[in-house]
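Computed over heavy atoms, backbone and side chain alike; hydrogens, waters and symmetry mates excluded. Bear in mind that the values here come from a model prediction, so they are computed numbers and not experimental data.
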Amino acid sequence: MKKTVLTCMLLQEMKEAAYSALQPEIHLDSNYKKPVYFPINALMANQLEPTDQLTVIAIKFNDEVNPSNQLIFQKNWSLFQDELNDINKEIGATIQYELVETDFRETKDVFTERFLDIFKALQKDSTIYADITFGPKTATLLLMNLLSFAENFYEADIESIIYGKASMVPNPQLGRSEAKDGKVMDVSSLYYLTSFTNAIKAESPEEALQVLQEFFGK
């Protein structure tokens with residue numbers, strides 16, 4: 001089965017595996033017990049099958065202002081691959097990794113090029129998992145639009161959109177803050193809510209509100 005992971009890399013050095021799928025209030029389709037650096041990997045531990053062909057598409061932001069960020073990116077990218085490959089040792093799925101490079105600038109031209117480059121990397125008839133934990137806020141908006149486009153025109157199945165939430169707690173001994181109590185949450189419902197609201201047909205705001213209330217059982 002063809003599967004695709006979409007994610008962004010963090011341009012900060014990652015010191016600890018802070019995220020866990022095992023939280024009583026979190027309904028994530030994973031019982032992976034180890035903490036992870038990258039939330040999506042906790043999910044893929046339960047989603048990968050031996051016959052799967054997984055493509056991981058990661059967005060790399062080229063930061064010309066801070067060239068040192070490229071070294072941090074490479075370290076985090078290697079850490080991501082090592083973590084997922086370690087999970088996959090007992091599964092045996094086929095995994096390939098692809099980078100989509102984009103300028104670390106927020107302009108219309110960059111948005112357009114970024115969207116097209118990511119879309120070109122997608123495959124038809126693939127099940128997609130997206131991680132919106134890291135990257136600029138504009139990357140999340142772009143990925144949401146891209147997922148809709150892939151679902152409509154690439155016959156993609158949007159399986160999960162996840163987000164890792166952690167509290168940054170100062171650690172005087174380390175001289176920095178560290179992530180604590182990291183939770184991995186599935187926020188796919190927000191994507192499908194957007195799809196639903198876009199499909200609503202109503203003659204007035206009142207009628208549209210009524211449709212929403214009936215949908216939510218309110």
Undergrad: Identify whether Ile59 and Ile72 are in the same connected component of the hydrophobic contact network (ILVMFWY, side-chain heavy atoms under 4.5 Å).
TA: no
Undergrad: Distance check, rounded to the nearest 0.5 Å: Glu113 atom CD versus Glu101 atom CD?
TA: 10.5 Å
Undergrad: Are the side chains of Thr138 and Leu142 in touch, meaning some heavy atoms are under 4.5 Å apart?
TA: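 The answer is no, as the side chains (C-beta and beyond) never meet within the 4.5 Å cut-off.
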Undergrad: Apply the test side-chain hydrogen bond (donor to acceptor under 3.5 Å, both in side chains) to residues Asp82 and Tyr37: give CA-CA distance (whole Å), side-chain angles for both, the deciding distance (0.1 Å), then the verdict.
TA: CA-CA 11 Å; Asp82 290 344; Tyr37 287 92; over 6 Å; no
Undergrad: Flag yes if Tyr191 and Tyr154 sit in one hydrophobic cluster, no otherwise; membership is Ile, Leu, Val, Met, Phe, Trp, Tyr, and two members link when side-chain heavy atoms are under 4.5 Å apart.
TA: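 The answer is yes; both residues are in one hydrophobic cluster.
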Undergrad: Identify all side-chain donor-acceptor contacts of residues 204-217 below 3.5 Å with residues at least two apart in sequence or on another chain.
TA:
{"residue": "Ser204", "atom": "OG", "partner": "Glu206", "partner atom": "OE1", "Å": "3.4"}
{"residue": "Ser204", "atom": "OG", "partner": "Glu207", "partner atom": "N", "Å": "3.2"}
{"residue": "Glu207", "atom": "OE1", "partner": "Glu203", "partner atom": "N", "Å": "3.0"}
{"residue": "Gln210", "atom": "NE2", "partner": "Glu214", "partner atom": "OE2", "Å": "3.2"}

Undergrad: Thr197 side chain to Thr194 main-chain N or O, any donor-acceptor pair under 3.5 Å?
TA: yes
Undergrad: Measure the shortest side-chain to side-chain distance between Lys34 and Asp86 over non-hydrogen atoms and say whether it is less than 4.5 angstrom.
TA: yes
Undergrad: May I ask you to decide if the ring planes of Tyr97 and Trp77 are parallel, tilted or perpendicular, using 30° and 60° as cut-offs?
TA: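 If you compare the ring of Tyr97 with that of Trp77, the planes turn out perpendicular.
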Undergrad: Under a plain distance cut-off of 3.5 Å, with no hydrogens placed, do Gln96 and Glu98 share a side-chain donor-acceptor pair?
TA: yes
Undergrad: Any side-chain donor paired with an acceptor under 3.5 Å for Thr4 and Ser126?
TA: yes
Undergrad: Give the ring-plane orientation class for Phe149 versus Phe153, where under 30° counts as parallel, over 60° as perpendicular and anything between as tilted.
TA: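 Aromatic pair Phe149/Phe153 classed tilted.
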Undergrad: Using modelled atom types only, decide if a donor and an acceptor are shared between the side chain of Asn88 and the backbone of Leu84 within a distance under 3.5 Å.
TA: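 Side chain of Asn88 to backbone of Leu84: no pair is present.
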Undergrad: So which heavy atom on Cys8 is nearest to which on Ala139, and how close?
TA: SG-CB, 4.0 Å
Undergrad: Any donor and acceptor pair, going by atom type alone, linking the side chain of Thr94 with main-chain N or O of Gln53 inside 3.5 Å?
TA: no
Undergrad: When you group the ILVMFWY residues by side-chain heavy-atom contacts below 4.5 Å and let the links chain together, are Ile132 and Tyr192 in the same group?
TA: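 In one cluster with Tyr192: Ile132, yes.
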Undergrad: What residues form a side-chain hydrogen bond (donor to acceptor under 3.5 Å, both in side chains) with Tyr129, not counting sequence neighbours?
TA: Gln47
Undergrad: Return the OG to CG distance between Ser78 and Asn85, rounded to the nearest 0.5 Å.
TA: 10.5 Å
Undergrad: Using modelled atom types and a 3.5 Å cut-off, is there a donor and acceptor pairing between side-chain atoms of Lys2 and backbone atoms of Thr127?
TA: no
Undergrad: Indicate the atoms forming the closest heavy-atom contact of Gly164 with Thr133, along with that distance.
TA: N-OG1, 2.7 Å
Undergrad: Do Leu146 and Leu141 share a hydrophobic cluster (ILVMFWY, side-chain heavy atoms under 4.5 Å, transitive)?
TA: no
Undergrad: Output yes when a side-chain donor or acceptor of Asp131 lies under 3.5 Å from a complementary backbone atom of Ile40, and no otherwise.
TA: yes
Undergrad: Step by step, would you call Ile57 with Thr7 a side-chain contact (heavy atoms from CB on, under 4.5 Å)?
TA: CA-CA 6 Å; Ile57 301 173; Thr7 187; over 6 Å; no
Undergrad: Side chains of Thr55 and Lys3: closer than 4.5 Å at any heavy-atom pair?
TA: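 Of all side-chain heavy-atom pairs linking Lys3 with Thr55, none is under 4.5 Å.
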Undergrad: Is Val100 reachable from Phe80 through a run of I, L, V, M, F, W or Y residues, each pair having side-chain heavy atoms under 4.5 Å apart?
TA: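 Looking at the clustering, Val100 is in the same group as Phe80.
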Undergrad: Might you point out which heavy atoms bring Phe134 and Pro39 nearest each other, and give the distance in Å?
TA: CE1-CD, 4.1 Å
Undergrad: I need the minimum non-hydrogen distance between Ser160 and Leu43, along with the two atoms involved.
TA: CB-CD2, 3.6 Å
Undergrad: Do you know which two heavy atoms are closest between Gly135 and Phe61, and how far apart they sit?
TA: CA-CE1, 4.4 Å
Undergrad: Check the pair Met9 / Phe38 against side-chain contact (heavy atoms from CB on, under 4.5 Å), numbers first and verdict last.
TA: CA-CA 9 Å; Met9 289 294 102; Phe38 301 92; 4.0 Å; yes
Undergrad: So Asp52 and Glu49, side-chain contact (heavy atoms from CB on, under 4.5 Å) or not? Walk me through it.
TA: CA-CA 5 Å; Asp52 285 342; Glu49 301 288 344; 3.5 Å; yes
Undergrad: Would you sort out whether Met1 and Thr51 count as a side-chain contact (heavy atoms from CB on, under 4.5 Å), showing the intermediate values?
TA: CA-CA 7 Å; Met1 183 176 181; Thr51 57; 5.7 Å; no
Undergrad: Does the Asn46 side chain pair with the main chain of Ala42, one donor and one acceptor, at a distance under 3.5 Å?
TA: no
Undergrad: Consider side-chain contact (heavy atoms from CB on, under 4.5 Å). Of Ile161, Leu143, Ile158, Asp157, which one does Ile128 pass it with?
TA: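 Considering Ile161, Leu143, Ile158, Asp157, a side-chain contact (heavy atoms from CB on, under 4.5 Å) with Ile128 is found only for Ile158.
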Undergrad: Just so I know, are the side chains of Ile162 and Val187 near enough to count as touching, which here means a heavy-atom distance under 4.5 Å?
TA: no
Undergrad: What I want to find out is whether Arg114 reaches Asp117 closely enough, with some N-O distance under 4.0 Å, to be called a salt bridge.
TA: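 A salt bridge is absent here (no side-chain N lies under 4.0 Å from a carboxylate O).
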Undergrad: Going by heavy atoms in the side chains, are Phe73 and Asn76 under 4.5 Å from each other?
TA: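 Counting from C-beta outward, Phe73 and Asn76 never come under 4.5 Å.
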